[in-house]
Amino acid sequence: MTTFRAIRGMVDILPEDTPLWQSMETAALEVLSSYGYAEIRLPIIEPTEVFARSIGEVTDIVEKEMYSFADRNDDSMTLRPEGTAGCVRAVVQHNLAVTPQRLWYMGPMFRYERPQKGRQRQFHQLGVEAFGVATPDQDAELIALSRQLWRRLGVDDALTLEINSIGSADDRARFRDALVGYLGEHRESLDEDSQRRLETNPLRILDSKSPDTQAVLDSAPVLSDYLDAETQAEFTELLNQLDALGIAYVVNPRLVRGLDYYNKTVFEWTTEHLGAQSTVCGGGRYDTLVSTFGGKDTPAAGFAVGLERLILLMQALDITVSAPADLYVVTADDDAYRHSLPRLDALRRHFPDLDIVQHLGGGSFKSQFKRADKSGAAWALVYGDAEVANNQVTLKPLRAEAEQQTVADAELESFLASYLAAAQSA
RNA sequence: GUGGCUGUAGCUCACCAGGUAGAGCACCGGAUUGUGGCUCCGGAGGUAGCGGGUUCGAGACCCGUCAGCCACCCCA
């Protein structure tokens with residue numbers, strides 16, 4: 001008998017963790033809707049060209065990390081490695097950006113990489129994208145929204161905002177020439193990867209982790225010197241708005257991003273708690289992407305949250321949620337079980353918020369109560385012979401030191417109503 | 001794609017100069033047959049990731065492979 005394992009880098013999210021995921025998703029949904037962002041649901045597969053054209057042909061993602069395959073019609077398809085490209089494709093296809101649009105989506109992304117802490121081959125992102133506003137107030141709103149989410153989740157103290165402006169494509173082209181010129185003179189002082197990137201993607205050298213390379217960079221040309229006055233003014237205004245919001249930030253002049261479509265504002269939220277994969281959220285402005293997809297020239301900005309990393313961070317901070325049932329139903333025998341069925345049915349209809357777990361599979365009262373205890377339920381609801389005979393039910397508190405009490409069936413609903421009211425106010 | 005560490009019951013781990021596996025927790029049952037949490041007693045559960053090699057004999061040594069973890073790279 002062969003046993004199967006999940007594919008490398010594809011992980012099951014188990015029942016012990018899903019309550020935390022759900023609470024995070026609920027919080028995200030509330031924050032997003034409080035800012036007027038609407039959900040869009042997108043395909044997981046797109047034509048390969050969607051990603052190649054937007055992310056950049058020479059990026060690592062496109063060159064070696066995509067799950068691409070030929071479909072039955074021999075067209076090249078790719079499991080989405082990120083969400084922005086597909087979102088922009090949809091915005092153009094459906095003409096969604098005739099007026100400003102605020103969108104979000106959540107779901108799995110796929111990148112063929114070596115797994116490590118905070119990095120899987122199937123992982124999940126929350127993507128937030130805003131179309132149609134060119135001014136920095138949009139950037140500020142996106143950042144404020146993300147900070148609001150961190151606060152809701154209790155992780156804001158553990159996150160640092162790094163921010164930079166990388167200007168227009170023209171600005172970067174001029175800067176790139178200067179940088180390559182300078183670094184070319186110090187080629188032998190650069191680490192091997194950076195030497196290679198001198199030809200392929202020189203801007204990525206800026207965030208090299210090699211100390212030698214960083215030392216060389218200390219006297220290198222600075223990107224901000226190559227930005228035009230308007231871009232610099234916008235960046236300053238963005239920082240002023242962040243100040244007004246009381247959002248602390250670190251301007252990191254060497255922050256560049258790995259996807260080609262970014263321009264002007266780029267930012268990352270990072271943490272010390274996750275080891276090497278410290279970026280929990282990253283994004284920026286991408287004003288030219290809509291037009292490269294054939295849409296009308298439309299400014300845009302957005303960010304993506306790595307949900308596994310966010311969960312990891314919450315766990316590192318000991319943020320836990322549990323979802324024990326309210327009632328665990330214990331029945332004496334088959335007769336009592338059948339007796340309980342219509343009563344529980346009615347209870348579930350009248351109290352949709354009440355979590356009622358029925359013991360199945362029979363067993364002694366003792367073993368049923370053991371299960372009731374382990375379930376974490378607040379109460380055991382007991383249908384024994386006497387209760388069935390008298391149309392009563394016994395409520396035994398499992399968490400509190402209090403006597404169990406037997407009430408008539410007719411009184412159960414008011415009893416539970418007051419229990420729920422008390423739970424709500426607590 | 002590169003490197004380091006690891007791979008024994010559901011989980012966390014141990015043992016042994018290489019002689020054919022154990023603990024804790026979890027699980028199941030019981031301690032006067034309508035009541036949990038504590039304690040005690042008992043039980044079930046592993047072809048030691050997989051394949052090959054060395055050996056009279058390997059979970060223990062060697063090789064390969066797969067997987068996990070961490071780091072590089074890259075990114076969320």
Side-chain angles (χ1 to χ4, degrees), chain A residues 1-11 14 16 55 59-66 81-84 106-128 146 191-194 196-197 200-201 204 207-210 256-259 267-271 274-284 302-313 328 330-333 336 359 361 363-377 379-389 394-401 403-404 406:
Chain A
M1 184 61 187
T2 318
T3 59
F4 292 106
R5 289 188 58 89
I7 294 168
R8 166 116 111 146
M10 316 263 170
V11 311
L14 300 177
E16 58 184 313
I55 297 169
T59 57
D60 277 29
I61 292 179
V62 170
E63 278 185 336
K64 51 190 194 192
E65 295 177 2
M66 294 205 301
E82 58 102 45
T84 302
M106 203 184 282
M109 308 291 165
F110 303 84
R111 262 124 92 158
Y112 190 91
E113 301 181 271
R114 263 312 252 289
Q116 72 183 77
K117 188 181 181 71
R119 198 175 71 185
Q120 302 164 189
R121 290 183 176 183
Q122 175 176 334
F123 61 103
H124 298 79
Q125 285 187 343
L126 164 64
V128 181
S146 63
D191 62 279
E192 204 178 311
D193 283 316
S194 295
R196 182 176 51 79
R197 281 182 295 206
T200 57
N201 201 348
R204 299 295 303 169
D207 55 15
S208 165
K209 286 177 186 170
S210 157
V256 292
R257 312 220 68 243
L259 286 65
F267 64 93
E268 291 184 4
W269 288 95
T270 62
T271 178
L274 295 187
Q277 307 306 315
S278 57
T279 302
V280 169
C281 171
F303 65 83
V305 182
L307 298 183
E308 277 81 3
R309 291 181 186 178
L310 188 52
I311 290 287
L312 242 28
L313 177 57
Y328 192 96
V330 169
T331 49
D333 52 27
H359 182 88
S364 64
F365 261 46
K366 191 183 194 66
S367 63
Q368 292 193 48
F369 273 97
K370 276 190 180 177
R371 284 293 179 79
D373 182 53
K374 263 178 302 214
S375 78
W379 301 83
L381 197 63
V382 186
Y383 288 96
D385 293 339
E387 287 87 345
V388 170
T394 294
L395 280 143
K396 173 171 178 148
L398 298 173
R399 305 296 129 203
E401 287 300 324
E403 287 299 302
Q404 67 181 44
T406 300

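Throughout, a chain's letter reflects where its sequence line sits, starting with A, and its residues are numbered from 1.
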_Nucleotide forming a Watson-Crick or wobble pair with rG45(B), both distances under 3.5 Å_ = none
*asked:* What's Ala372(A) touching, base or sugar-phosphate or nothing? Going by heavy atoms closer than 4.0 Å.
replied: nothing
*Examine the base of rU35(B) for any acceptor or donor lying under 3.5 Å from a partner atom in the side chain of Lys366(A), and report the outcome as yes or no.*
no
*OP1 or OP2 of rG68(B) under 4.0 Å from side-chain N/O of Arg8(A)*: yes
Show me the protein contacts with nucleotides 24-26 of chain B, counting only N or O atoms at under 3.5 Å.
none

*Quick one: does Gln116(A) reach the base of rC73(B) with a side-chain donor-acceptor pair under 3.5 Å?*
yes
*Tell me what Glu192(A) touches on the nucleic acid: a base, only sugar-phosphate, or nothing, going by heavy atoms under 4.0 Å.*
nothing
_Should the side chain of Arg114(A) and the base of rC70(B) be counted as holding a donor-acceptor pair, with the cut-off at 3.5 Å?_
no
*Would you mind reading off the distance between Ile61(A) atom CD1 and rC73(B) atom C1', rounded to a whole angstrom?*
13 Å
*Distance below 4.0 Å between Arg371(A) side-chain N/O and rC28(B) OP1 or OP2*: yes
*For rG3(B), give its Watson-Crick or G-U wobble partner with both distances under 3.5 Å, or none.*
rC70(B)
_Is there, by distance only and without an angle test, a donor paired with an acceptor across the side chain of Gln404(A) and the base of rU35(B) below 3.5 Å?_
yes
_Side-chain touch Val11(A)/Gln122(A), heavy atoms, less than 4.5 angstrom_ = no
*Round to the nearest Å and state the distance from Leu395(A) atom CG to rG34(B) atom C1'.*
16 Å
*Of the nucleotides rG34(B), rA76(B), rG68(B), which has the atom closest to the Ala386(A) side chain?*
rG34(B)
*Roughly, in whole Å, what's the span from CZ in Phe110(A) to C1' in rA76(B)?*
15 Å
*Does OP1 or OP2 of rA76(B) have a side-chain N or O of Gln125(A) closer than 4.0 Å?*
no
*Can you check whether Phe365(A) stacks with the rU35(B) base, using ring centres under 5.5 Å and planes within 30°?*
no
*asked:* So if I take every side-chain heavy atom of Ala276(A) and compare against rA71(B), rC73(B), rG34(B), which nucleotide ends up nearest?
replied: rA71(B)
So which protein nitrogen or oxygen atoms get under 3.5 Å of nucleotides 41-46 of chain B's nitrogens or oxygens?
none

_Under 3.5 Å donor-acceptor pair, Asp373(A) side-chain atoms to rG37(B) base atoms_ = no
*Between Trp269(A) and Gly275(A), just flag the one whose closest nucleotide in RNA chain B comes earlier from the 5' side.*
Gly275(A)
*Assign Gln277(A) to base, sugar-phosphate, or nothing according to its heavy-atom contacts below 4.0 angstrom with the strands shown.*
base
